[in-house]
Amino acid sequence: METNMIDIIKKYLPIILVAVLFAACERDLEDLKPVPFPSNPEVFIDGFTAGLNYAAFGGSVPTAFDVDNKVTWNNSKASMRFDVPNAGDPQGAYAGGVFFTGSGRDLSGYNALTFWAKANQSAVLDLVGFGNDLGPSTYQVTISGLSVSTAWKKYIIPLPDPSKLTAERGMFFYSVGPADGKGFSFWIDELKFENLGTIAHPQFGILEGQDQTETSFVGVSKMIGGLTSIYNMPTGVNQAVNIAPAYFEFNSSAPSVATVDASGKVSVTGGPGNAVITAKVGDKTAKGSLTIQSVGVFQPAPVPTRTPDRVISIFSNAYTNVPVNYYNGYWAPYQTTLSADFAVNGDHVLHYTNFNFVGIEFSSPTINASALTHLHVDIFIPGTLTANAQIRFELVDFGSTNVTGTFTRTITPAQSQQWISLDIPFSSFSGLTRRSSLAQLIFVDVIGNIPGFYADNIYFYTEAAQPSVPLTAAPAPAHSAANVISVFSDAYAAIPGTDLTPNWGQATATSVMQIQGNNTLRMAGLNYQGIQLGTSQNVSSMGFLHIDYWTANSTQLKVFLISPGPVETAYTLTVPTNGWRSIDIPLSSFAPVNLGDVIQLKFEGNGDIYLDNIYFRRN
């Protein structure tokens, strides 16, 4: 029996030992804790501290920063010197960069970043701070417009919530431009984090410390803005500090109505109902709140059905909008109207609040609506009207002298809280004697009883069939200039010396005209029209010939590539078009043209043809 027991122990001893060791290791693993990051507070003390790196920002002068052994504070061994360039310096437009560490530092034991600074003249440092780590920069803190003089002075940047800075890599950064176009130098010394007992009364706020209320819908999201942070400094002066959203802990009183994430993004999730969004920084409650009054599912405006070739759009997701200077110019001091625009599931809506009047401007370039007939606007008054309201529409044509046309529409209480689709003939605008340079659309509350409204699908259109000339410019190309050889396009430099109207005995009248500020090639009464390239082009490495073309009356149209010989091959284009048509023709379609020696293009057909963005491009 004893022998058998010994044999059993020998047989199973390895297993027993492994089990014992595993149990011991399991206890050790449970006891393991993350190794804390070093808490070194020093950034630059007579030189770079351990692990500190420097990187210049893009567009800045790369040599702006240097270590200075002559100009120092309190006779220290070295300081940080920054040379801001003059305006127009070819090396860069400003001085800017970041000092960062390869691994994080635990700064939770400090409450301020401090440094001494001076300049060779009185100046303002545009932006200084910490938390920029060349990555997400989650806990960034900055001071804007820091004044420095020719005398050394200590500066303090408070840490909003040090408990969050347990693995910070961004130790310091700056961005400074010329003063009145002229460069200057400034110095920083003894840059370090400290725990000061002289910073008092921190005050935080969201929405500039105001309590705001917004009516909203399921699917709407918005960012909480107006984040503020103010500290009473040792001098007794209050210092405003810009801090990142990550320092705030946002809260929703009713997540079933609206949620808020760590970045301050509010998402309306349900309704009807109310949710109050508030925030704290550490144990301090931030001033200000946002009350979301969700009315439930959003009722979108009717989707426009007019074809794009009959429309010039100011604001609509259904069309490509023309350039707009602004949708709310806020013309002080008389305007009270504010904007609270929103998007529901990708559908953008203009929202005007505290409404008295508001203007939309689209003057760069103006719109030639001479061939159009109507203005379309969808409006929605979310509040309940107790009496008839009147909204006036004003169209302003800049032209040689400003011309304004007005149209007033009465809205009854029964029409509130629903979309009203308005199709207003230009002939209904009193005083609108010209519409070749339309530049503004203004909404006016005539009686003063419309507190706010939504607007969507704002566009000019014609009821007629496709107009005889394009109303909008051709689509802007998106290909990189490095991959393009351009014949005609505002987007790229053309082949030098190219002749768009060589005399080949053609009957075609060719000219360059402006459509929405964009140069467009017009071939009127086409029989044929050549284009003589400034120099022979080797396009054998290219893949396609790109053309944007538009025609309302052509029944046949071909484009040719031509190489010496001449050797020419045609490619047939589909006409007429429904608006602008973009085509990429494989260059293999032009065989046997010598793609290494292309000298000309030719268009052949009939009708009036409009062309833009003629270029060769790589795959």
Side-chain angles (χ1 to χ4, degrees), residues 43-49 51-73 76-102 113-153 155 157 168-192 240-244 478-484 491-493:
V43 182
F44 188 98
I45 308 293
D46 296 334
F48 275 45
T49 56
L52 190 68
N53 305 289
Y54 174 72
F57 290 144
S60 71
V61 173
T63 58
F65 163 69
D66 201 357
V67 176
D68 194 328
N69 301 113
K70 295 180 180 179
V71 180
T72 65
W73 174 76
S76 66
K77 293 181 180 179
S79 69
M80 309 164 77
R81 175 179 173 138
F82 304 91
D83 294 320
V84 182
N86 293 318
D89 191 311
Q91 293 190 75
Y94 68 103
V98 58
F99 296 84
F100 64 100
T101 56
L113 173 64
T114 67
F115 56 89
W116 290 81
K118 65 168 287 187
N120 63 352
Q121 64 179 50
S122 294
V124 174
L125 309 185
D126 298 318
L127 202 67
V128 294
F130 67 89
N132 187 320
D133 55 14
L134 298 180
S137 302
T138 305
Y139 297 113
Q140 185 167 292
V141 175
T142 62
I143 290 180
S144 304
L146 191 71
S147 296
V148 293
S149 68
T150 56
W152 285 105
K153 178 183 175 181
Y155 295 88
I157 303 178
E168 183 57 54
R169 295 177 58 244
M171 297 293 104
F172 179 73
F173 75 98
Y174 71 102
S175 178
V176 184
D180 296 325
K182 296 181 179 180
F184 63 94
S185 298
F186 68 96
W187 292 262
I188 288 178
D189 206 348
E190 297 294 305
L191 179 63
K192 62 184 177 182
V241 179
N242 312 309
I243 66 176
H479 299 110
S480 168
N483 294 322
V484 165
Y492 309 107

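Quantities reported herein were computed from a predicted structural model and do not represent experimental measurements.
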Considering the options L191, V98, N132, which one meets the side chain to side chain contact (heavy atoms under 4.5 Å, CB included) requirement together with F172?
-> L191
Heavy atoms of S175 and D126 approach each other most closely as O-CB, 3.1 Å
Indicate the ring-plane relationship of Y155 and F115, choosing parallel, tilted or perpendicular according to the 30° and 60° boundaries.
-> parallel
Exactly one candidate in V176, T142, L146, I143 meets side chain to side chain contact (heavy atoms under 4.5 Å, CB included) with L127; the answer is T142
Approximate separation, where rounding is to 0.5 Å, of Q121 CD and F186 CZ | 12.0 Å
Name the orientation class of the two ring planes belonging to F65 and Y54 (parallel below 30°, tilted from 30 to 60°, perpendicular beyond 60°).
-> tilted
Identify the two heavy atoms, one from A95 and one from P85, that lie closest to each other, and give their separation to 0.1 Å.
-> N-CD, 3.8 Å
Rounded to the nearest 0.5 Å, how far apart are CH2 of W116 and OG of S76?
-> 11.5 Å
With rounding to the nearest 0.5 Å, note down the distance linking CG in D46 to CD in E190.
-> 6.0 Å
Please check if the side chain of Y174 supplies one atom and the backbone of L125 the other of a donor-acceptor pair under 3.5 Å.
-> no
A78 versus N69, closest heavy-atom pair with distance | CB-ND2, 3.6 Å
Interatomic spacing from CH2 in W187 to CG in D83 - rounded to 0.5 Å | 7.5 Å
Using the side chain to side chain contact (heavy atoms under 4.5 Å, CB included) rule, take T101 and M171 through it: C-alpha gap first, then chi angles, then the decisive distance, then the call.
-> CA-CA 7 Å; T101 56; M171 297 293 104; 3.9 Å; yes
Closest heavy-atom contact between A87 and P178?
-> N-CG, 3.8 Å
Pair F99 + F44: ring centers closer than 6.0 Å = no
Find the distance between CD1 (I45) and NZ (K77) and round it off to the nearest 0.5 Å.
-> 12.5 Å
Kindly say whether W73 contributes a backbone atom to a donor-acceptor pair with the side chain of D189 at under 3.5 angstrom?
-> yes
Heavy-atom pair of closest approach, residues K118 and T150 | CE-O, 3.3 Å
Working to the nearest 0.5 Å, report the span between OG of S137 and CZ of F100.
-> 11.0 Å
Considering all heavy atoms, the nearest F57-G97 contact = CD1-N, 3.4 Å
